[in-house]
Enquirer: 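Input: one structure, supplied below.
Letters go in sequence order (proteins before strands), and every chain restarts at 1.
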Amino acid sequence: MHILDDLNDAQLQVVTTTEGPLLVLAGAGSGKTRSVIARTAYLIEEKHITPWNLLVVTFTNKAARELKDRLSASLNLNVRSLWIGTFHSICTRILRKESEALPYTSNFSIYDDGDQKAVINRIYKDRSIDTKKFPPNKIRNIISRSKNSLIRPEDFFQFNDSNFYSDMVEDIYQRYQSHLLKNNAMDFDDLLMNTAFLLHDNPSRLQHYQQQFRYVMIDEYQDTNYAQFRIINLIAREHQNLCVVGDDDQAIYSWRGADIKNILNFEQDYKNVKTIKLEQNYRSPKVILNLANSLIKNNSQRHSKELWSALKSDEKPLLVRTDNENGEAKFVAKEIKALQRKGADLNQCVVLYRTNAQSRVFENAFTRQNLRYQIIGGVNFYQRKEIKDILAYLRVLINPQDNESFLRIINEPGRGIGKVSQERLIKFAGDANLSLREALFAVDQVSVGTSAFAKMQNFGRQMQKWIELSNEASVFECVSQLVEDLGVIRKFEASDDPQDIARAENLKEFIAAVDEFSESFVEDHEEEPTLQDYLQTVSLQTDLDNYDTESSSIKLMTMHNVKGLEFDHVFIVGLEDGLLPHNRSLELDSALEEERRLLYVGITRTRKTLQLCYAASRRIYNNVTMTMPSRFIRELDEECYERINNSFYEFQAPGGKKTKPPVTMESEKHFHIGQRIRHVTFGDGMILNVDGKGNKAKLTISFDSGELKRIIGSYVSLI
DNA sequence: TTAAGTATGCTTTTT
DNA sequence: GCATACTTAA
């Protein structure tokens, strides 16, 4: 049968061992994804299991999407009935369905980081808590970890001693949680925690899902946390048909509560576990795998396994030293240019770094070299202010209780309802026990004053219109009408600030994305999506999920984000002590081991060539710091790589001529028509018109890319 | 009430 | 080196 074609013995076993607990230790590049797809297909085709009886949990939405696409293509089945998704999306689906058993209603909002911070800030203000003594981020972290360990506010002191500090944490946690409940909102961690408690506390609901999910498969099991472990443990307890796939050498999410013991102890957690190891790597050449092995063998906590490859390669990985981060970026740009000349697709080149902040110099270098690139991660598209504002409007439309979102939009764009008036409305709402949206319609002149009242009436009328729109019109119509009514695109386009121009572009892209979403939703589900369907998808979406595999551009991302992907040409940069391993991981051995695994993940993405880079100095914050090469470099087998010293690279033009780096004094900036200039994102161009003087001049520029932009002098440099 | 100007703190990593 | 949060002037 075609599903089983081209599988090796171990993979075949994974596919056909359908009954009972199964642990698959799948090394990097060992055909894990193929096996999971084949196994799912096998269960449906050969074992005649209804798709509805399967539960497949992936690590990213993108992986879920791919799995669905491949299955629906090869098996011709209805994707709607498949329960394939991330823990978060599957939990959301369950929670919306089971809202009757919960204190939330099914239209609950999902709060991200920013919303969390806003709620915490409000609590700090209300209670005048000292942010120095109780750093909000630390508290947020404790709350998150508690939730991932299924410790509710009321359970807090069962696991923590009572003292000055923890008393405060408990108090904030308590308030935070009731604040969210009042807003009918859950944060990411709630999605998991509430699902775990729902199943635990409701035998009939548990039984329902136990019966439904007769076969359960979990990918990237090494990165599951306790809440996730419990959810699966409860569901699979009855039938025991649980297959977990993972690689302890690729566990990189302990800081998010993931517990590597979940995979290390699987054989103790379940009875009669069958274990299969996938040790043949089909991705990387021998020499790269040997390099990776020489690194990872320095870790103490791991399942023993030996990953091997039959692929040969003449090219050894390179270890490259440069003077500083700019030299590093230039070197990578030059190398990629060379690869491009040899016919390589930019799409198959990836730059991997430890922290998102490292991407900037590469952006500059690639722009100068006219290389297309795409950054994955960092600031998520949906986290940008202009987009989040629109999303907040949508949330208020479907969840009237969502005060957090309401406060975000009440004066955005400005409608003259300032802080004072907002406080009055909040007071009014509190006294009348209404949500802010309800209060907007009920408020009277006496409570907020004449002028604010008129403005609120106005806003209320608009709001009423949008509410009706959201009930009647399609998601696309609703969103585009809303954006039109707010007039934000026009506002941004009229601005001189290039950032505002970018915002207008983002909003247009956003509306196009809504359209795209609706189309593919109709394809999958044979019905129009609701606004709620849309918001749910968007809140759980990451940058990785909508990254463009088609467009020919270099990809830049963190080593965390690259998990599960592969590229022909891999550049790992910033291999310095303090960056990789990161400063904050130097103390603890277990943290250090995780950093090592992170590098291991990076190396094992390689299909053809690998280059490891470090810089002798690096600008951190605002000053230049001397760096030490990463301690991990010493662990690499010297037989497996070649060293290159690329010092002074940046002063050396391709022909060997010495050139001076261009220096422009700010005071020298006198712009004139016809002058050549350079812009960080748009590249080089020529000035067509000058309005004003020096840095404040408004320039009309024709860029070499063909784009015509109006830009302020301070954003461009002379060349 | 808002806009412009100033201070600060931030950097691991993400669903 | 940037974005956000806060302060000040109009």
Enquirer: Tell me whether Trp255(A) is stacked on the nucleobase of dT13(B), counting only the six-membered base ring and applying the 5.5 Å and 30° thresholds.
Expert: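 Stacked: ring centres under 5.5 Å, planes under 30°.
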
Enquirer: Between Thr60(A) and dT15(B), does any side-chain N or O lie under 4.0 Å from OP1 or OP2?
Expert: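 No, because none of the side-chain N or O atoms of Thr60(A) sits under 4.0 Å from OP1 or OP2 of dT15(B).
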
Enquirer: Tell me whether the OP1 or OP2 atom of dT15(B) has a side-chain N or O from Asn148(A) closer than 4.0 Å.
Expert: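 No, because none of the side-chain N or O atoms of Asn148(A) sits under 4.0 Å from OP1 or OP2 of dT15(B).
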
Enquirer: Answer yes or no for Arg415(A) and Phe459(A): cation-pi contact, defined as NZ/CZ to six-membered ring centre under 6.0 Å and angle to ring axis within 45°.
Expert: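 So Arg415(A) does make the cation-pi contact.
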
Enquirer: Between Asn137(A) and dT11(B), is there a side-chain N or O to OP1/OP2 distance below 4.0 Å?
Expert: yes

Enquirer: Quick one: is dT4(C) close enough that its OP1 or OP2 comes under 4.0 Å of any side-chain N or O from Asn121(A)?
Expert: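 No, because none of the side-chain N or O atoms of Asn121(A) sits under 4.0 Å from OP1 or OP2 of dT4(C).
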
Enquirer: Val420(A) or His582(A): which one's nearest nucleotide on DNA chain B is closer to the 5' end?
Expert: Val420(A)

Enquirer: Mind telling me whether Phe229(A) and Tyr226(A) have parallel, tilted or perpendicular rings, with 30° and 60° as the class edges?
Expert: parallel

Enquirer: Taking only the side-chain nitrogens and oxygens of Asn61(A), find out if one of them lies under 4.0 Å from OP1 or OP2 of dT15(B).
Expert: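 Checking Asn61(A) against dT15(B): no side-chain N or O falls below 4.0 Å of OP1 or OP2.
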
Enquirer: P atom, dT4(C) versus dT13(B): distance in rounded Å?
Expert: 16 Å

Enquirer: For dT14(B) and Asn561(A) - does any side-chain N or O of the residue sit under 4.0 Å from the phosphate oxygens OP1/OP2?
Expert: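 Looking at the OP1 and OP2 atoms of dT14(B), one of them is under 4.0 Å from a side-chain N or O of Asn561(A).
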
Enquirer: When you measure from the side chain of Arg256(A), which nucleotide among dT15(B), dT13(B), dT11(B) comes out closest?
Expert: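 Of the options given, the side chain of Arg256(A) lies nearest dT15(B).
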
Enquirer: Reckon Ser89(A) has a side-chain N or O less than 4.0 Å from the OP1 or OP2 of dT15(B)?
Expert: no

Enquirer: Reading DNA chain C 5' to 3', what string of ( ), [ ], | and . shows its pairs, if Watson-Crick and G-U wobble pairs count only when both distances fall under 3.5 Å?
Expert: ||||||||||

Enquirer: Enumerate the residue pairs fulfilling ring pair (Phe, Tyr, Trp, His ring centres under 6.0 Å) with a member in residues 123-149 of chain A, sequence neighbours excluded, ordered by first and then second residue.
Expert: Phe134(A)-Phe164(A), Phe134(A)-Tyr165(A)

Enquirer: Search all heavy atoms of Ser447(A) against all heavy atoms of Phe428(A) and return the closest pair with its distance.
Expert: OG-CD1, 3.4 Å

